[in-house]
Visitor: 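Please see the structure below; I have some questions.
All values below were derived from every heavy atom in this structure, side-chain atoms included, with hydrogens, water molecules and symmetry-related copies excluded.
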Amino acid sequence: MCAEMSARYGRAPSPFSLEEMAVARSVFLVAKRDGELVGCGALRPLDAQRAELKRMYVCPHARRLGVGQRIIAALEEWAREFGYEALLLETGVLQPEAQRLYESCGYERIPAFGGYVGNATSVCYGKWLQETCD
């Protein structure tokens, strides 16, 4: 993931710490296909009602096989169990495949939030959790 984002944007993605996942109402998932790690995604709280999808990634050779949709659906299920009402996420302007994935799962473009405000390469999405990604 870091290598791909560095190649696309000319810089490494923002740092990610396991401490971000060591808080209540958060989770980090990995996806395997035939025993091989092919994707990941995380959920971290923003406030009592909203969480952020983080570190969504599917290896290029496993894309368009439903892996991303399954990760998102699992994260949405966790979010519901944790009591969140909405999910927000940020992706980049140079990631049209990620934008298509989120839109196919019912996410809609929203104004930038948090640390993404003012970042010209950020594209933000949100979704109310009564909807599902099949």
Side-chain angles (χ1 to χ4, degrees):
M1 176 181 166
C2 289
E4 184 174 341
M5 293 305 104
S6 295
R8 287 186 191 215
Y9 294 97
R11 59 179 159 62
S14 60
F16 178 74
S17 164
L18 290 179
E19 285 80 36
E20 289 183 64
M21 299 293 92
V23 298
R25 301 171 70 208
S26 65
V27 66
F28 185 86
L29 303 178
V30 295
K32 289 185 176 182
R33 186 165 189 262
D34 298 326
E36 176 190 11
L37 184 65
V38 294
C40 62
L43 182 72
R44 73 169 182 170
L46 291 172
D47 55 40
Q49 292 81 31
R50 303 174 309 154
E52 181 180 10
L53 288 184
K54 295 286 293 176
R55 292 305 190 245
M56 272 295 305
Y57 184 74
V58 176
C59 296
H61 68 276
R63 292 179 185 159
R64 304 195 55 80
L65 299 174
V67 175
Q69 287 181 327
R70 287 186 187 104
I71 294 170
I72 290 171
L75 289 170
E76 289 175 357
E77 210 39 53
W78 275 101
R80 285 183 189 89
E81 287 184 33
F82 290 146
Y84 294 117
E85 297 173 5
L87 291 177
L88 306 181
L89 64 89
E90 182 268 351
T91 190
V93 295
L94 301 179
Q95 294 166 263
E97 67 282 0
Q99 293 175 41
R100 285 190 299 273
L101 170 64
Y102 299 131
E103 290 166 4
S104 76
C105 288
Y107 288 77
E108 296 181 353
R109 292 276 302 261
I110 61 170
F113 63 95
Y116 309 115
V117 174
N119 183 339
T121 63
S122 288
V123 179
C124 294
Y125 286 87
K127 180 179 180 179
W128 292 102
L129 288 176
Q130 63 267 26
E131 305 167 31
T132 61
C133 180
D134 298 323

Visitor: Check the angle between the aromatic planes of Tyr125 and Tyr102 and answer parallel, tilted or perpendicular using the 30° and 60° thresholds.
Guide: tilted
Visitor: Looking only at heavy atoms, what is the nearest atom pair of Leu101 and Met56, with distance?
Guide: CD2-CE, 4.3 Å
Visitor: State the CD-CG distance between Gln99 and Leu94, to the nearest 0.5 angstrom.
Guide: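 One finds 9.0 Å between CD of Gln99 and CG of Leu94.
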Visitor: What's the separation between atom CH2 in Trp128 and atom CD in Glu108, rounded to the nearest 0.5 Å?
Guide: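 Going from CH2 on Trp128 over to CD on Glu108, the span is 11.5 Å.
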Visitor: With sequence neighbours excluded, tell me which residues meet side-chain contact (heavy atoms from CB on, under 4.5 Å) with Val117.
Guide: Ala112
Visitor: Taking the side chain from Arg109 and the backbone from Val123, do they hold a donor-acceptor pair closer than 3.5 Å?
Guide: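 A pair under 3.5 Å: no.
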Visitor: Looking at Tyr84 and Leu129, would you say the former's side chain and the latter's main chain have a donor-acceptor pair under 3.5 Å?
Guide: no
Visitor: Could you list the residues that satisfy side-chain contact (heavy atoms from CB on, under 4.5 Å) with Ala74, not counting sequence neighbours?
Guide: Leu29
Visitor: As a test of understanding, state which of Glu52, Glu103, Glu76 forms a salt bridge (Lys or Arg N to Asp or Glu O under 4.0 Å) with Lys127.
Guide: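 Only one of Glu52, Glu103, Glu76 forms a salt bridge (Lys or Arg N to Asp or Glu O under 4.0 Å) with Lys127, namely Glu76.
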Visitor: Parallel, tilted or perpendicular: which describes the rings of Tyr116 and Phe113, with under 30° parallel and over 60° perpendicular?
Guide: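 Tyr116 vs Phe113 ring planes: perpendicular.
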Visitor: Test your reading of the model: is there a side-chain donor-acceptor pair from Glu85 to the backbone of Ala48, 3.5 Å cut-off?
Guide: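 Flag not set: sc Glu85 to bb Ala48 has no pair under 3.5 Å.
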Visitor: Where do Ala98 and Thr91 come nearest, in terms of heavy atoms and distance?
Guide: CB-OG1, 3.6 Å
Visitor: When you measure from the centre of the six-membered ring of Phe28, is the NZ or CZ of Arg55 closer than 6.0 Å and no more than 45° off the axis?
Guide: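 Negative - Arg55 is either too far from the ring of Phe28 or too far off its axis.
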Visitor: Is it true that a side-chain atom of Gln95 and a backbone atom of Gly92 form a donor plus acceptor pair closer than 3.5 Å?
Guide: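 Checked: pair present.
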Visitor: Taking only residues two or more places apart in sequence or in another chain, which ones pass side-chain hydrogen bond (donor to acceptor under 3.5 Å, both in side chains) with Arg50?
Guide: Asp47
Visitor: Does Glu90 have any side-chain hydrogen bond (donor to acceptor under 3.5 Å, both in side chains) partners at least two apart in sequence or in another chain, and if so, which?
Guide: Ser122
Visitor: Quick check: closest heavy atoms across Leu87 and Ala79, and the distance to 0.1 Å?
Guide: CD2-CB, 3.8 Å
Visitor: With salt bridge (charged side-chain N to carboxylate O under 4.0 Å, His left out) as the rule and sequence neighbours excluded, what pairs involving residues 30-42 come up?
Guide: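 Residue pairs with at least one partner in residues 30-42: there are none.
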Visitor: Which heavy atom of Cys124 sits nearest a heavy atom of Pro111, and at what distance?
Guide: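 That would be CB-O, 3.9 Å.
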Visitor: Excluding sequence neighbours, so at least two apart, what forms side-chain contact (heavy atoms from CB on, under 4.5 Å) with Ala31?
Guide: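 Testing Ala31 for side-chain contact (heavy atoms from CB on, under 4.5 Å), a comparison that skips the adjacent residues, returns Val38, Val67, Ile71.
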Visitor: Could you walk me through whether Leu75 and Val27 pass the side-chain contact (heavy atoms from CB on, under 4.5 Å) test, one step at a time?
Guide: CA-CA 8 Å; Leu75 289 170; Val27 66; 3.8 Å; yes
Visitor: Between Cys105 and Gln69, what is the shortest heavy-atom contact and its length?
Guide: SG-CG, 3.8 Å
Visitor: List the steps, then state whether side-chain contact (heavy atoms from CB on, under 4.5 Å) holds for Leu43 with Leu53.
Guide: CA-CA 5 Å; Leu43 182 72; Leu53 288 184; 4.0 Å; yes
Visitor: Below 4.0 angstrom, N of the basic side chain to O of the carboxylate: do Arg80 and Glu77 qualify?
Guide: yes
